[in-house]
Amino acid sequence: MAQYVAADVEQKWQGAWAAEDIFTATRSPDKPKYYVLEMFPYPSGRIHMGHVRNYTMGDVIARYKIATGHAVLHPMGWDAFGMPAENAAMAIGGHPKDWTYSNIDDMRAQMKPLGLSIDWSREFATCDPEYYGQQQALFLDFLEKGLVYRKNAVVNWDPVDMTVLANEQVIDGKGWRSGAEVERRELTQWFFKISDFSEELLTALDQLDNWPAKVRLMQENWIGKSRGIEVPFNRMDGGDPIICYSTRPDTMRGATFLAISPEHPVSRTLAEDRPELAAFIAETRKMDTTEAAMEKAEKKGIDTGLKVRHPVYPDRELPVWVGNFVLMEYGTGAVYGCPAHDQRDLDFAKKYGLDVTHAFFMPGEEVEVTDTALVPPKTEKVAYVEHFAGIGECSSLEGIDASIDYFEAHDLGRGQVKYRLRDWGLSRQRYWGCPIPIVYCDTCGVVPEKKENLPIELPYDEGNKPIDFSQPGNPLDRHSTWRNCECPSCGGPARRETDTMDTFVDSSWYYARFTAPRAETPTVAEDASYWMNVDQYIGGIEHAILHLLYSRFFARAMHICGHLPKSATEPFDALFTQGMVTHEIYQTRDAAGRPVYHLPEDVVDGKLADGTEVEIVPSAKMSKSKKNVVDPVNIVAAYGADTARWFVLSDSPPERDVEWTASGAEAAFKHLARVHRIVSDIATSDLPDVPEADLALLRDMHKTIHEVTGGVESFGFNAAIAKLYGFTNTLAKSKAGSGAKREAASALAQLMAPMTPHLAEELWYMLGQEDFVTTANWPVADPNMLIDDTVTLPIQINGKRRAEIAVPKDMDKSEVEKAALAHDAVLRSLDGAVPKKVIVVPGRIVNVVV
RNA sequence: GCGGCUGUGGUGAAAUUGGUAGACACGCUUGAUUUAGGUUCAAGUGCCUUUGGCGUGGGGGUUCAAGUCCCUCCAGCCGCACCA
């Protein structure tokens with residue numbers, strides 16, 4: 001009997017698939033199409049178990065769709081621009097381009113042995129000039145349609161990476177990659193007009209039924225729609241009114257002061273001849289913006305001396321303060337303070353001795369606030385005090401509506417919808433990114449590059465040698481020749497934009513490029529309309545906002561420019577966010593008591609090679625720093641790709657984290673070897689039919705087909721695998737004849753094929769099949785075989801299980817009742833009592849109520 | 001603070017519409033075979049004071065019947081946040 005040697009089996013079938021080109025995606029008029037995509041990797045140089053899990057899930061779907069008669073597009077590429085390449089060049093010398101392409105070669109070589117059903121002919125890297133040249137073309141089209149613009153703005157400056165960051169890339173006041181405290185700087189930058197799409201990006205979320213609710217909610221919160229009112233407050237000195245934004249106009253009676261941002265034009269103007277104000281503004285600008293610091297930071301202010309008139313109660317004059325807590329970026333940069341109904345305003349008012357005036361009380365409890373503000377409840381009714389809109393006791397939601405109506409009717413302000421989402425700043429002061437195709441000319445100003453000059457390629461050399469990356473900053477900016485060019489408009493001497501695009505731009509449209517990866521235009525209409533949308537997108541939850549929101553914007557912008565059909569404006573029909581691969585952490589302590597980490601492969605039975613016992617820290621995401629990593633390359637070498645694939649799918653639901661354990665991997669391998677043994681035994685044996693055993697085996701086969709199919713279609717891979725284990729046990733123990741066993745073994749091979757494709761091909765081959773199991777038609781369960789002729793019903797007495805009874809599947813309810821009541825155990829339990837009621841749920845349960 | 005998710009054996013977990021809780025796997029126990037051992041095969045494994053009782057984070061409720069529905073509390077995780 002042949003032994004299961006994974007390496008031989010896997011090499012053999014990968015070779016056979018490649019020879020027949022079976023994964024090349026081809027448009028086919030007579031087949032439904034299916035586009036499955038996993039978030040493409042950054043070419044760090046090594047694949048990790050998270051990649052294996054991600055791509056295996058996609059591969060299961062892709063192979064299942066091939067077997068169910070679809071034209072499948074399952075591509076792979078590289079998100080190849082970005083800082084690590086420049087950092088590597090800085091740290092170890094060399095060139096980002098060489099580093100990146102060599103990493104891609106390494107990773108491809110690690111990925112191919114996994115046996116993924118990828119159409120490698122469509123592979124590209126975002127740093128290929130053929131790709132980013134088309135991205136530059138998109139930029140020019142966006143510019144023409146007003147979807148990109150240039151403005152002077154206060155931006156997030158990362159002092160370590162020496163570049164600007166988008167708001168989305170600042171986490172807790174720190175750069176998302178460098179972790180450095182972000183500073184605020186004023187620079188001229190390019191922006192995508194994503195804010196034009198706020199409402200659409202928000203409302204379209206409702207249509208994304210096959211996205212995780214969590215991701216939709218996160219995007220909804222990020223877009224941050226709020227409804228309120230803009231109210232001008234007239235200045236007593238006759239200057240331009242100060243416009244405040246509020247979502248609670250019903251509390252306007254309680255307004256006792258105005259607070260404006262230090263960045264507000266009024267603050268700036270006043271600061272010109274008020275040194276103490278200028279100092280205050282400078283101080284707030286330096287302020288630590290981390291969350292923890294914000295929480296602790298004192299709410300500080302400074303009285304400007306200005307007064308404004310209350311819009312509704314003109315006899316009241318309100319002082320104007322500059323407050324360090326007022327953000328210029330949100331609303332109008334000015335708010336009115338309502339101490340009675342807002343805790344922050346109350347704290348501020350108490351600190352600086354400002355008035356507290358109620359707009360409402362809780363009905364029947366007229367208690368003035370002292371230390372705790374009376375925040376308007378959402379649903380409960382409140383009693384408004386002599387309210388300008390004429391309302392008395394009502395919910396604050398009604399109060400808001402009435403107040404907005406009042407302001408609009410009296411021309412005192414207007415209802416206003418605001419979004420938190422701001423435009424996407426895309427300029428980065430980096431080398432290793434897509435150059436922005438813009439030229440600055442002294443005569444013509446800002447001029448778009450001509451499309452025929454694209455791609456504007458990154459320079460590899462400076463002078464005769466490769467660019468020097470040893471000093472920080474942007475090498476394009478200090479390059480001696482690259483930035484000099486000819487003005488596309490007047491032909492005179494001009495300078496190139498030296499900023500490159502945020503790498504999130506690269507990943508915002510790669511899914512569309514895969515539909516026509518070699519085209520001379522960003523997309524090709526017939527390919528895009530055939531393959532788009534992505535039917536199933538799979539990746540990590542960490543991209544819930546940035547990448548997915550940007551992609552949704554890009555698809556819309558590409559549609560406006562004619563690069564995608566209207567139907568592709570939501571590019572991902574279904575999204576699945578998979579969990580991480582975790583592992584226990586093994587550590588010892590150094591002399592100072594600091595943890596020293598050890599690789600799992602160096603720990604045997606909780607001990608190091610020298611016998612030292614290790615401390616075991618509970619499972620966490622695999623990370624190099626904690627050394628709790630298992631290299632897929634080693635696993636594939638030891639057990640084969642099928643074992644790695646089977647294991648990452650088997651133990652946990654795909655959306656949850658899965659813990660990699662050596663014993664689990666070992667068990668997966670043993671199981672595959674067992675299947676190989678069982679099937680090879682069946683293939684070579686010749687036993688006569690055994691009608692009853694044959695039927696029982698085939699019934700379980702059909703149930704297995706049914707459950708595995710359902711599992712694969714609903715991301716229930718772990719449950720599907722559990723059923724396959726069960727079916728393997730049934731098959732191993734079955735007394736059926738060889739005919740039925742071969743049929744069952746063939747089905748087993750087919751059902752395992754999406755998960756363990758190499759072994760499945762081998763089983764299929766051993767069973768004498770001549771085609772590929774990969775392309776064979778997916779088995780279909782016979783509904784008649786899914787229900788047994790007799791069913792075992794539990795009998796409950798008052799909801800407690802007391803007995804079981806076997807009855808024919810279509811036995812009449814009253815017959816079942818009779819049989820149940822005649823059961824020994826039931827009679828014993830009843831002990832002569834007369835049942836009040838008997839509930840029979842056909843095929844499920846019998847409950848006797850006494 | 002706001003919003004959301006999760007809680008089931010020693011472990012990972014399973015359980016269409018409320019209908020036999022713990023499938024499947026790890027681990028563990030016992031036995032058989034072979035062996036130096038791993039391997040393979042067979043049997044067992046929620047808990048307890050075991051003719052029975054208890055059991056899906058705690059408490060309460062709806063129901064003939066609750067892991068599943070409702071209320072409430074607790075714990076853990078995630079997202080957002082000086083957002084007016």
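Numbers restart at 1 for each chain; the letters A, B, ... are given by sequence-line order, proteins then strands.
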Using a 3.5 Å distance criterion without hydrogens, assess whether the side chain of A:Thr582 forms a donor-acceptor pair with backbone atoms of A:Lys621.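 The answer is no, because no donor-acceptor pair under 3.5 Å joins these two groups.
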Could you state the [atom1]-[atom2] distance from [X] to [N], rounded to the nearest angstrom?
X	N	atom1	atom2	answer
A:Arg801	B:U20	CZ	C1'	5 Å
A:Ile545	B:C78	CD1	P	15 Å
A:Ile797	B:G19	CD1	C1'	16 Å
A:Phe257	B:A84	CZ	C1'	11 Å
A:Glu220	B:C83	CD	C1'	15 Å
A:Lys800	B:A21	NZ	C1'	12 Å
A:Glu542	B:C77	CD	P	19 Å

Residues from residues 718-730 of chain A lying under 4.0 Å of RNA chain B - heavy atoms: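 Going residue by residue through residues 718-730 of chain A, the ones with a heavy atom under 4.0 Å of RNA chain B turn out to be A:Asn718, A:Ala722, A:Tyr725, A:Asn729.
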Return the residues of residues 646-665 of chain A meeting this criterion: a heavy atom under 4.0 Å from some atom of RNA chain B. Order them by number, or give none.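 Heavy-atom contacts with RNA chain B come from A:Asp651, A:Ser652, A:Pro653, A:Arg656, A:Ser663.
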Take atom [atom1] in [N] and the same atom in [M], then report the distance between them in whole Å.
N	M	atom1	answer
B:G61	B:A65	P	13 Å
B:G67	B:A13	C1'	14 Å
B:G22	B:A14	P	15 Å
B:G19	B:C24	C1'	22 Å
B:U17	B:U33	C1'	49 Å
B:A15	B:A84	P	41 Å
B:G57	B:G52	C1'	27 Å

How would nucleotides 28-46 of chain B be written as a contact map, 5' to 3', with B for base contact, S for sugar-phosphate-only contact and - for no contact, using protein heavy atoms under 4.0 Å? -----------SSSSS---
Could you list the donor-acceptor pairs under 3.5 angstrom formed by side chains in residues 792-805 of chain A, with sequence neighbours left out?
unit_1: A:Asn798; atom_1: OD1; unit_2: A:Val850; atom_2: N; d: 3.0
unit_1: A:Arg801; atom_1: NH1; unit_2: A:Glu804; atom_2: OE2; d: 3.3

So, A:Lys225 and A:Glu199, do they make that salt bridge, N to O below 4.0 Å?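 Yes, charged N to carboxylate O under 4.0 Å.
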Can you tell me how far CG of A:Leu318 sits from OH of A:Tyr336, rounded to the nearest 0.5 angstrom?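 Answer for the OH-CG pair, A:Tyr336 versus A:Leu318, is 11.0 Å.
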If I take atom CD1 from residue A:Ile194 and atom CZ from residue A:Arg422, how far apart are they, to the nearest 0.5 angstrom?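 The CD1 atom of A:Ile194 sits 12.5 Å away from the CZ atom of A:Arg422.
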Per A:His706 side chain, nearest of listed nucleotides B:U16, B:G19, B:C83: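 That would be B:U16.
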With the side chain of A:Met218 defined as its heavy atoms from C-beta on, choose the nearest nucleotide among B:G79, B:U20, B:A84.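 Of the options given, the side chain of A:Met218 lies nearest B:G79.
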Heavy atoms only, 4.0 Å cut-off, all strands: where does [X] land among base, sugar-phosphate and nothing?
X	answer
A:Glu804	base
A:Val849	sugar-phosphate
A:Leu217	sugar-phosphate
A:Val848	nothing

Can you sort out the partners of A:Asp209 under side-chain hydrogen bond (donor to acceptor under 3.5 Å, both in side chains), two or more places apart, ordered by chain and number?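 A:Asp209: no side-chain hydrogen bond (donor to acceptor under 3.5 Å, both in side chains) contacts found.
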Scan residues 713-723 of chain A for pairs that pass side chain to side chain donor-acceptor pair (under 3.5 Å), counting only residues two or more places apart or in two chains.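 Passing the test, one end in residues 713-723 of chain A: A:Tyr64-A:Glu713, A:Asp700-A:Lys723.
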Pull out every stem in RNA chain B, meaning runs of 3 or more consecutive Watson-Crick or G-U wobble pairs with both distances under 3.5 Å.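 Stems found: B:1-7 with B:74-80, B:10-12 with B:24-26, B:27-32 with B:40-45, B:46-48 with B:52-54, B:57-61 with B:69-73.
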Qualifying salt bridge (Lys or Arg N to Asp or Glu O under 4.0 Å) pairs, either residue in residues 322-334 of chain A, two or more places apart: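 Listed by first then second residue: A:Arg184-A:Glu329.
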Partners passing salt bridge (Lys or Arg N to Asp or Glu O under 4.0 Å) against A:Arg53 (at least two apart in sequence or in another chain):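 A:Arg53 satisfies salt bridge (Lys or Arg N to Asp or Glu O under 4.0 Å) with no other residue.
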Who passes side chain to side chain contact (heavy atoms under 4.5 Å, CB included) against A:Met218, sequence neighbours left out?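 Testing A:Met218 for side chain to side chain contact (heavy atoms under 4.5 Å, CB included), a comparison that skips the adjacent residues, returns A:Lys214, A:Ala544, A:Ile545.
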What residues, two or more places apart in sequence or in another chain, satisfy side chain to side chain contact (heavy atoms under 4.5 Å, CB included) together with A:Thr577?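 With sequence neighbours excluded, A:Thr577 shows a side chain to side chain contact (heavy atoms under 4.5 Å, CB included) to A:Pro212, A:Val215, A:Ile541, A:Leu575, given in chain and number order.
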Residue mapping more 5' on RNA chain B - nearest nucleotide basis, A:Lys837 or A:Ala667: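 Its nearest nucleotide lies further toward 5', so the answer is A:Ala667.
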Starting from the 5' end of RNA chain B, give me the residue, A:Tyr245 or A:Arg420, whose nearest nucleotide shows up first.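 The residue closer to the strand's 5' end, by nearest nucleotide, is A:Arg420.
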Cation over ring face, A:Lys418 and A:Tyr245, 6.0 Å, 45°: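 Satisfied, under 6.0 Å and within 45°.
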Is the distance between the ring centroids of A:Trp211 and A:Phe576 less than 6.0 Å?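 Judged by ring-centre distance (under 6.0 Å), A:Trp211 and A:Phe576 do not meet the cut-off.
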Is the A:Tyr639 to A:Trp646 ring centre distance short of 6.0 Å?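 Centroid separation for A:Tyr639 and A:Trp646: 6.0 Å or greater.
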Donor-acceptor pairs under 3.5 angstrom involving side-chain atoms of residues 345-352 of chain A: please list them, not counting sequence neighbours.
unit_1: A:Asp345; atom_1: OD2; unit_2: A:Cys338; atom_2: N; d: 2.9
unit_1: A:Asp347; atom_1: OD1; unit_2: A:Gln343; atom_2: NE2; d: 3.1
unit_1: A:Lys350; atom_1: NZ; unit_2: A:Asp371; atom_2: OD1; d: 2.6
unit_1: A:Lys351; atom_1: NZ; unit_2: A:Glu298; atom_2: OE2; d: 2.5
unit_1: A:Lys351; atom_1: NZ; unit_2: A:Lys299; atom_2: O; d: 3.4
unit_1: A:Tyr352; atom_1: OH; unit_2: A:Gly301; atom_2: N; d: 3.0
unit_1: A:Tyr352; atom_1: OH; unit_2: A:Gly301; atom_2: O; d: 3.4

